[in-house]
Amino acid sequence: MRAAANGIEIEYETFGDPADPTLLLVRGLGAQMVSWHPDLCHGFVDRGFHVVRFDNRDVGLSTKVDDHGIDVMSALLAAFSGPVDAPYLLSDMAADAWGLLDRLGVERAHLMGESMGGMIVQQMAIDRPERALTLVSFASTTGDPDVGQPNAEAVAMLLAPSPAEREANIALGVEQSRFLAGPVYADEEWDRERLSLSYDRCYDPDGVVRQLLAVLVSPARSAGLRGLDLPALVIHGEIDPLIHVSGGERTAECLRGSELLLLEDVGHTLPRYFWASVIQHVTALAARAGA
């Protein structure tokens with residue numbers, strides 16, 4: 001399904017009864033909505049949520065954004081050392097998500113985001129605190145430069161070109177996913193399935209570069225997070241190589257009264273092993289908001 005929101009078209013899918021409280025799932029850098037496993041979505045539905053997942057701008061079947069004359073790759077490299085222009089910011093992506101909820105008739109929602117998606121839901125709550133019921137930030141950070149930084153191998157992986165040919169692209173993606181997950185919880189079967197589905201839906205590496213630029217140039221959210229007053233849960237893998245666990249710890253510090261859930265031996269992924277626990281924590285968080 002597709003909806004016009006914030007001047008673009010957003011591809012989305014829903015699970016469950018629209019009369020139930022809405023849980024918006026926001027995915028990370030370059031990840032399409034199909035990266036939210038259907039079984040996880042149905043697990044939330046079983047606990048009384050109406051689940052919405054969608055393609056962020058510049059990935060999947062949502063609108064691809066014009067570069068507006070910016071040399072995005074040069075800007076990306078320059079962003080590591082100073083301010084640069086970008087086609088859009090995380091605040092624009094947050095406005096996309098609120099616009100989608102507007103089109104769905106959802107006034108208030110529970111927000112859950114992974115990695116860049118965590119940054120987006122943080123910004124959503126900062127921009128429209130009266131509409132955010134709860135906030136779940138997973139494998140993410142505040143944007144402060146002293147925390148949440150990737151290790152050298154993860155940086156090299158982010159900036160390395162990917163092959164355009166389908167099988168080579170998927171094979172590299174599986175290898176990268178194994179590195180990000182760590183040695184204990186890699187899930188090659190699911191990684192290959194979601195990467196294949198994503199490639200076949202829409203292969204567009206330029207959009208991922210624009211998203212990464214938005215992450216790098218957007219301002220830190222720590223001050224805005226400190227001003228929030230809502231039930232919040234921060235989840236982070238203890239061995240995350242892409243966003244160091246200090247990013248999750250800082251996020252929890254900024255969100256007063258939040259719960260910090262650290263996952264042992266987990267990298268930059270949410271393994272099946274922890275789904276039941278995470279669903280329970282999110283459900284308990286929603287109950288706090290309802291009370």
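Given the structure is predicted, the values throughout are model-derived calculations rather than measurements.
- Looking at Ser35, its side chain never comes within 3.5 Å of a backbone N or O of Ala31 through a donor-acceptor pair.
- Other residues, nucleotides and ligands contribute more than 12 heavy atoms inside 6.0 Å of the OH atom of Tyr203.
- Ion pair Arg250/Asp146 flagged as a salt bridge, since at least one NZ, NE, NH1 or NH2 atom sits closer than 4.0 Å to an Asp/Glu carboxylate oxygen.
- Under the 4.5 Å side-chain heavy-atom criterion for Ile, Leu, Val, Met, Phe, Trp and Tyr, Leu212 and Met116 are members of the same hydrophobic cluster.
- Looking only at distances, no side-chain donor or acceptor of Gln123 sits under 3.5 Å from a matching main-chain atom of Ala94.
- With a 6.0 Å radius and a threshold of 12 heavy atoms from other residues, nucleotides or ligands, Glu130 has its CD atom above the threshold.
- Both Val278 and Leu233 are members of a single hydrophobic cluster when ILVMFWY side chains are connected at heavy-atom separations under 4.5 Å.
- When atom types are taken as modelled, the side chain of Ser258 and the backbone of Ala252 share a donor-acceptor pair closer than 3.5 angstrom.
- The cluster map of Ile, Leu, Val, Met, Phe, Trp and Tyr, joined by side-chain heavy atoms under 4.5 Å apart, puts Phe15 and Met33 in different clusters.
- Atom-to-atom distance recorded for Leu285:CG and Leu261:CG is 11.5 Å, nearest 0.5 angstrom.
- Grouping the Ile, Leu, Val, Met, Phe, Trp and Tyr side chains by contacts below 4.5 angstrom, directly or via other members, places Met1 with Ile8.
- In this structure, Arg57 forms a cation-pi arrangement with Tyr88, its terminal cationic atom sitting closer than 6.0 Å to the ring centre and no more than 45° off the ring axis.
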Check against side-chain contact (heavy atoms from CB on, under 4.5 Å), Leu255 and Arg226: CA-CA 6 Å; Leu255 288 164; Arg226 290 189 180 98; over 6 Å; no
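- Looking at Arg47 and Asp20, no side-chain N of the basic residue comes within less than 4.0 Å of a carboxylate O on the acidic one, giving no salt bridge.
- Side-chain atoms of Trp275 come within 3.5 Å of backbone atoms of Leu270 as a donor-acceptor pair (strictly under, hydrogens ignored).
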Verdict with reasoning, Tyr185 to Phe274, per ring pair (Phe, Tyr, Trp, His ring centres under 6.0 Å): CA-CA 10 Å; Tyr185 290 110; Phe274 292 99; 5.4 Å; yes
Ser140 vs Thr251, side-chain contact (heavy atoms from CB on, under 4.5 Å): CA-CA, chis, key distance, verdict: CA-CA 8 Å; Ser140 196; Thr251 304; 5.7 Å; no
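- Here the side chain of Arg27 pairs no donor or acceptor atom with the backbone of Phe54 at under 3.5 angstrom.
- Distance check: Met119 CE to Leu89 CG gives 13.5 Å after rounding to the nearest 0.5 Å.
- Remark: the His50 side chain and the Asp17 side chain contain no N/O donor-acceptor pair separated by less than 3.5 Å.
- Scanning for ring-ring contact (aromatic ring centres under 6.0 Å, His included) contacts around Tyr12 gives an empty result, with sequence neighbours left out.
- A side-chain N or O of Gln32 and one of Arg201 form a donor-acceptor pair less than 3.5 Å apart.
- Although no hydrogens or angles enter the test, the distance criterion places a donor-acceptor pair under 3.5 Å between the side chain of Thr142 and the main chain of Asp144.
- Contacts classified as side chain to side chain donor-acceptor pair (under 3.5 Å) and involving residues 153-169 (residues at least two apart or in different chains) are given here: Arg166-Asp200.
- Looking at Ser137 and Gln122, their side chains do bring a donor and an acceptor atom within 3.5 Å of each other.
- Between the side chain of Asp55 and the backbone N or O of Leu61 there is at least one donor-acceptor pair closer than 3.5 Å.
- In the model, His236 has no side-chain atom that pairs as donor or acceptor with a side-chain atom of Glu249 under 3.5 Å.
- Contact check for Pro271 versus Asp187: no side-chain heavy atoms found under the 4.5 Å cut-off.
- Within 6.0 Å of CZ on Arg256 lie more than 12 heavy atoms contributed by other residues, nucleotides or ligands.
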Test ring pair (Phe, Tyr, Trp, His ring centres under 6.0 Å) applied to Phe49 and His110, step by step: CA-CA 9 Å; Phe49 291 101; His110 302 281; 5.6 Å; yes
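- Between the side chain of Thr14 and the main chain of Val52, no donor-acceptor pair closer than 3.5 Å is present.
- Checked for salt-bridge contact, Asp58 and Lys64 miss the test: no charged N lies under 4.0 Å from a carboxylate O.
- Separating the CH2 atom in Trp98 from the CD1 atom in Ile120 is a distance of 13.0 Å, to the nearest 0.5 Å.
- Expressed to the nearest 0.5 Å, how far CG of Leu242 lies from CD of Gln176 amounts to 10.5 Å.
- Side-chain N/O atoms of Arg194 and Ser177 include a donor and acceptor closer than 3.5 Å.
- Using a 4.0 Å cut-off between a side-chain N of Lys or Arg and a carboxylate O of Asp or Glu, Asp191 and Arg178 do not qualify as a salt bridge.
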